[in-house]
Trainee: 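After the structure tokens below, expect a handful of questions from me.
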There are 2 protein chains.
Amino acid sequence: MAPETSKARRKPRADSLRNREKLLAAASTVFGAGGGQASLEAVAREAGVGIGTLYRHFPTREELFEAVYRNEVDILHALAEELLREQVEPVTALQRWIHASVRLFATKKGMIEALQLATQASDELKTYSMDKMTGSIGMLIDRGVGDGTLRDDIGPEDVFRALVGIYYSQNQSGGPTAALRLIDVFVDGLRKR
Amino acid sequence: MAPETSKARRKPRADSLRNREKLLAAASTVFGAGGGQASLEAVAREAGVGIGTLYRHFPTREELFEAVYRNEVDILHALAEELLREQVEPVTALQRWIHASVRLFATKKGMIEALQLATQASDELKTYSMDKMTGSIGMLIDRGVGDGTLRDDIGPEDVFRALVGIYYSQNQSGGPTAALRLIDVFVDGLRKR
DNA sequence: TGATAAACGGAGGGGTCCTCCGTATATTAT
DNA sequence: ATAATATACGGAGGACCCCTCCGTTTATCA
């Protein structure tokens with residue numbers, strides 16, 4: 001009983017799921033280091049699986065890109081939830097989250113370029129990540145607004161836009177440290193005074 | 001006597017020069033069709049020379065790109081001179097030249113992208129092509145201004161910028177015919193009234 | 001008409017892409 | 001537990017590409 005959609009299916013094999021995770025992680029580091037056009041065989045090697053397994057999971061390079069990207073976004077979302085659960089003080093929570101996201105994407109520069117340029121990132125992906133990101137930010141600032149530590153006239157989208165701006169400025173000059181400094185200034189400005 | 005700079009050198013071999021031209025032409029068509037990351041072996045095949053010869057002439061992919069690009073720019077410059085020499089009526093001359101340039105670059109889309117993105121096009125190249133292009137345009141409009149068929153308040157740079165704008169708009173939507181139509185409108189606007 | 005500097009071609013080592021299929025294993029049914 | 005089988009796995013293999021190296025050919029020059 002309870003087939004997902006039709007034709008009672010087995011449940012997915014555990015090793016398959018495991019390998020998928022391994023591939024995602026490997027792709028993240030390999031693309032991060034070697035740019036978006038790094039060898040897929042290198043990814044498989046790093047993941048410790050056969051090349052065939054990689055191709056079964058991600059038939060095209062673009063699909064792998066997309067999956068990795070989605071994964072990063074999901075990780076950030078999970079982090080936001082964790083920060084909330086742990087009752088971290090709102091301003092520091094927000095600060096930590098933003099730092100994490102900057103660091104995460106800073107290393108993925110090449111990958112992001114590849115994504116945008118090569119595949120023109122499907123609209124679906126764009127809205128997906130947009131929603132997740134603003135959602136995460138929203139959760140974090142709401143708490144701060146609630147307890148009066150953060151101003152209430154700045155929406156999640158505004159913060160997100162500011163972030164994107166900083167990603168870019170950082171890609172050009174100054175390196176990641178400069179960006180993180182700017183972040184701190186920005187977050188400080190979000191405090192209610 | 002008369003060594004070019006020092007150490008009396010032989011003059012370059014004729015076959016070498018010929019092959020260089022063949023390679024340039026081949027690269028132009030191959031990159032035009034298959035995008036900027038097309039195989040260099042394909043270029044050599046198309047040119048009918050060995051792969052070794054290609055690498056001797058252009059040690060890196062970027063050097064080949066640059067050379068092809070310079071070559072296209074030079075061709076357009078030569079076309080401008082020819083139109084002048086043949087005393088073609090100024091407005092039609094300008095129109096023809098612009099059409100030619102749009103067509104030439106329209107097929108080279110991938111190549112141009114590759115140039116800009118991959119190698120960040122050396123400043124020297126940029127100013128070189130800028131000068132050549134505005135120079136060509138300058139020659140053509142000067143004649144028109146001289147005989148009173150073209151307005152005299154538009155500089156070559158303005159025309160060039162308009163062109164670039166049209167290259168881009170065309171790359172997105174409508175295809176090359178739409179661009180050519182826009183060109184006609186634009187050139188018509190350049191007429192003295 | 002040599003001599004010889006210069007250029008040519010392409011084999012070869014190393015790498016990547018992607019497919020295909022025999023083998024191994026997780027699930028499910030008994 | 002165990003057998004049956006749907007799934008997933010790994011990696012060999014064919015095709016292509018990069019780039020170097022070097023024996024052979026050829027255009028120049030004396």
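Residue numbers start from 1 in every chain, and the chains themselves are labelled A, B, ... in the order their sequence lines are given, proteins ahead of strands.
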Trainee: Which pairs of donor and acceptor atoms, one on a side chain in residues 78-85 of chain A, lie under 3.5 Å apart (sequence neighbours left out)?
Mentor:
none

Trainee: For B:R13, which residues count as a side chain to side chain donor-acceptor pair (under 3.5 Å) partner, sequence neighbours excluded?
Mentor: B:D15
Trainee: Could you tell me the separation between the CG atom of B:L54 and the P atom of D:dT20, rounded to a whole number of Å?
Mentor: 12 Å
Trainee: For residues 137-155 of chain B, pull every pair meeting side-chain hydrogen bond (donor to acceptor under 3.5 Å, both in side chains), keeping only residues two or more places apart or in separate chains.
Mentor: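 Listed once each, the pairs are B:D147-B:T149, B:R151-B:D153.
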Trainee: Any side-chain N or O of B:H57 less than 4.0 Å from the OP1 or OP2 oxygen of C:dC8?
Mentor: yes
Trainee: Do you know which of B:L40, B:T53, B:V68, B:L24 makes side-chain contact (heavy atoms from CB on, under 4.5 Å) with B:F58?
Mentor: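 The passing option is B:L24.
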Trainee: Using atom types as modelled, flag every donor-acceptor pair under 3.5 Å from a side chain in residues 91-99 of chain B to any protein atom, sequence neighbours excluded.
Mentor:
from	atom 1	to	atom 2	distance (Å)
B:T92	OG1	B:E89	O	2.9
B:T92	OG1	B:E89	OE1	2.9
B:Q95	NE2	B:D184	OD1	2.8
B:W97	NE1	B:L76	O	2.9
B:H99	NE2	B:D184	OD1	2.9

Trainee: Below 4.0 angstrom from OP1 or OP2 of C:dG9, is there any side-chain N or O of B:T53?
Mentor: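 Yes, such a contact exists.
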Trainee: In this structure, how many angstroms lie between the P atom of C:dC8 and the CD atom of B:E21, rounded?
Mentor: 13 Å
Trainee: Looking at C:dA7, I'd like to know if its phosphate oxygens (OP1 or OP2) sit under 4.0 Å from a side-chain N or O belonging to B:N19.
Mentor: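 It does not, given that no N or O in the side chain of B:N19 lies less than 4.0 Å from OP1 or OP2 of C:dA7.
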Trainee: What does the B/S/- profile of nucleotides 17-30 of chain C look like, 5' to 3', with a 4.0 Å heavy-atom cutoff to protein?
Mentor: BBB-----BBBS--
Trainee: Provide, to the nearest angstrom, the distance between the CZ atom belonging to B:F58 and the P atom belonging to C:dC8.
Mentor: 11 Å
Trainee: Rounding to a whole Å, what distance do you find between A:R20:CZ and D:dC9:P?
Mentor: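 From A:R20 CZ to D:dC9 P: 11 Å.
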Trainee: Using the test salt bridge (Lys or Arg N to Asp or Glu O under 4.0 Å), find all partners of A:K22 that sit at least two apart in sequence or belong to another chain.
Mentor: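 Salt bridge (Lys or Arg N to Asp or Glu O under 4.0 Å) list for A:K22, sorted by chain: empty.
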